[in-house]
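Below is one structure; the comments refer to it alone.
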Amino acid sequence: MLDKKRGVKNVAVSIAFKILILIADVLVRRFLIQYIGNGVNGINSLFKSILNFLAVAELGVGSAITFCMYKPIVEGDNDKVSALYGLFTKLYLIIGGIIAVVGCAVIPALPFLAKDYESVDVNLYLTFALMLLSVVMTYMFSSKTSLINAYKNNYITTTISSLGQLLQCGLQIVVLILTKSFVWYLVCRIVAVAVQWGVTELIARKKHGGIIKNKQRIDADTKKDVTQKVKAMFMHKIGAVLVNTADSIIISAFIGIEILGKYSNYTTIMVAMTGVLALCFSPLTSVIGHMFVEENAETARKYHSFFHTFNFVLGAVFFLGYYSIIDYLIVFLFQKAGGVDLRMIRAVSFIITLNYFIQFMRHASLLFRDATGTFYHDRWKPLIEGGVNIGLSIAFVFLFNRLWGEEFAVVGVIVATIITNMTICHIVEPHVLFKYAFKSNAKSYYLKNYVYILIFAAALTAMHFCSVDLSSNVASFFANGFISLGLSIPICVAAAFLNKDFRHYAAVTWRRLKSKLGKKQAVAATTSDEIIITVEEPDTINEKSESTKEDISSPDVTSVAFKSLDTMEETQSAATIIETVPKICMTEEATTTTKLQPQSPSSSTRRKVQVSKKLKSKLSNRASRGKKKH
């Protein structure tokens, strides 16, 4: 069964922190451009791309680790979990060493990768070495992060990494204002990573100390299975790196760091937005992995159908919104700080939007691929994908530059990425997932997926021609934002309505939410009511016996009230009242009587029975409704 509660917690925490980090990153970039310049901004983007490229050495161990731990965790096999943890710790240390060595080997080639770097007063070698150190440090505690995630506690690791990034951003802003130094800017990264390392160590040992201390050797079959999955994820990592990070390196090497700086402003906002949206998927990997172990393939396929449509709905709203306002955001966020025009031609923002939407539409399939462990079967796809992308990007950068100029050369690089995604990724990945995980054919998925992409491309084109440019940038910002909503909402409603799996799971979620809210309201309503019953004991046992006889013939208000409750016992609201009300206070002698005597002026025994008028009326009304119902 899908652990919806844990999944929602993982997603909610991830999205909340991602939004905060988005705001912090934008502020840091603004101060970086303002105090050091757009050229350094370009170099910073180049360094990140190179290190992301080197991170291919990670081999996809993170995904392989988490997947391999799902089954022994579900089965309660702690010895196997401990053995896997020990293996992965060794692998991560080896990987960190490989990245350090290869990174040092890249340092002499930096001047060739940063065209026109002489215009910026920055020591390329020192600054790159500092950033390399901050990346290598993360591999020292990656196995503990994966261990926490495997137990479906992604929200914990997300909180640690997010707070670390927020600390880094805060320190960097202070350092930029005080020192205007790129070196100290990068030192802040090292400090933040060190804090994350320490906190992760403490929490992992507190929550899973038994797993960490329990030294076990991995058996031959498990080691073979892990090795197979690691090799497969290595191929996928290469493909992702060659497609995504290669674009920035090609732009820097063939066009220049100034253009890369402008381009990175657009992609920073885009990557931040897609990062937030991706958190609707990635924190669910462990939850879906557990569900896949416990449920059948057909149930998993229906969930995938739901997430695919959900994928499109999110993309249509946010990516159209991005295109409608991105140029105005660049002016608001960066241009005033830099003092120069940092906007690019409209064609660049159009092609960036289309490219990232096409990549975003892979999230549902990639989520289920990682959760079900089917990444081994398309392990050769990323190598072909990466090789084709680099070849086309270099060819198009020269072609578009010759035909239309430097900024259109950027368009050529992105067009190459779009072709690669459409002709390779969107064909191979669904085929493997449906064949090996869902045991079914992917034809219906292909049709729906390409229809979604065509619909979005048409909507994006319509947005381009519907855009307005008013006298005020603020007015234009809001006007175009509302136009994008007007285009996207009807599309999303139609997509959700036409998908039966989406309708089914959306209806189930709504009913459960409505039921929970109804129960809370019922409990809140009953807590305001009360019954206060006080009893004064008879003077003698004989009087008590007489009162009992009289009471049988003429029942009092209290007995009527409780008979009304008995009548409604089958209804949920009455059951709630019976549990919370009444509270009867009586002396020890009073417990011997079975009935309460009605008040009588001539009786020697005085009994005070006070029933709140509000509750009495409420009980009577509910009793009437209960009788009508039956």
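Residue numbers run from 1 in the order of the sequence given. This one's a predicted model, so the numbers in the text were calculated from it and none came from an experiment.
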Under 3.5 Å: donor-acceptor pair, side chain of Arg30, backbone of Leu333
yes
Does Thr138 offer a backbone N or O that forms a donor-acceptor pair with the side chain of Ser142 under 3.5 Å?
yes
Asn78 versus Asn214, side-chain donor and acceptor atoms under 3.5 Å:
no
Looking at every heavy atom in both Glu385 and Ile424, which two are closest together, and how far apart are they?
CA-CD1, 3.9 Å
Could you tell me whether a side-chain N or O of Tyr185 sits under 3.5 Å from a main-chain N or O of Leu176, the two making a donor and an acceptor?
no
With a 3.5 Å distance limit and no angle check, can you tell me whether His208 reaches the backbone of Arg205 through a side-chain donor-acceptor pair?
no
A quick test of your reading: do over 12 heavy atoms of other residues, nucleotides or ligands sit less than 6.0 Å from NZ of Lys448?
yes
Any non-hydrogen side-chain atom of Leu132 less than 4.5 Å from a side-chain atom of Ile99?
yes
Contact summary for Met131 and Lys48, nearest pair of heavy atoms:
SD-N, 3.9 Å
Verify the distance criterion only: is there a donor paired with an acceptor across the side chains of Gln359 and Asn355 at less than 3.5 Å?
yes
Can you tell me how the ring of Phe47 sits relative to the ring of Phe128, calling it parallel under 30°, perpendicular over 60° and tilted otherwise?
perpendicular
In terms of side-chain heavy atoms, does Thr417 have a donor or acceptor partner in Asp247 at a distance below 3.5 Å?
yes
Are Phe88 and Ser146 side-chain neighbours, meaning at least one heavy-atom pair lies under 4.5 Å?
no
Pairing donors with acceptors under 3.5 angstrom, does anything connect the side chains of Ser305 and Tyr445?
no
For Phe319 and Tyr356, I'd like to know if the aromatic rings sit close, meaning centre-to-centre distance below 6.0 Å.
no
Has Ser252 got a side-chain atom pairing as donor or acceptor with Ser248's backbone, closer than 3.5 angstrom?
no
Would you call the rings of Phe307 and Phe310 parallel, tilted or perpendicular, taking 30° and 60° as the class edges?
perpendicular
With no hydrogens and no angle check, do the side chains of Tyr452 and Thr309 hold a donor and an acceptor under 3.5 Å apart?
yes
For His304 and Phe434, take the angle between the two ring planes, folded into 0 to 90°, and tell me which bin it lands in: parallel under 30, tilted 30 to 60, perpendicular over 60.
perpendicular
Have Asn265 and Asn41 got a donor and an acceptor in their side chains that come within less than 3.5 Å?
yes
Residue pair Arg29 / Asn44, side-chain donor-acceptor N/O under 3.5 Å
no
Parallel, tilted or perpendicular for Phe281 and His363, by the 30°/60° rule?
tilted
Could you verify whether a donor N or O on one side chain and an acceptor N or O on the other, from Asn449 and His308, lie under 3.5 Å apart?
yes
Polar contact flag, side-chain donor to acceptor under 3.5 angstrom, Lys144-Tyr85
yes
Closest heavy-atom pair and its distance - Tyr446, His426:
CE2-O, 3.5 Å
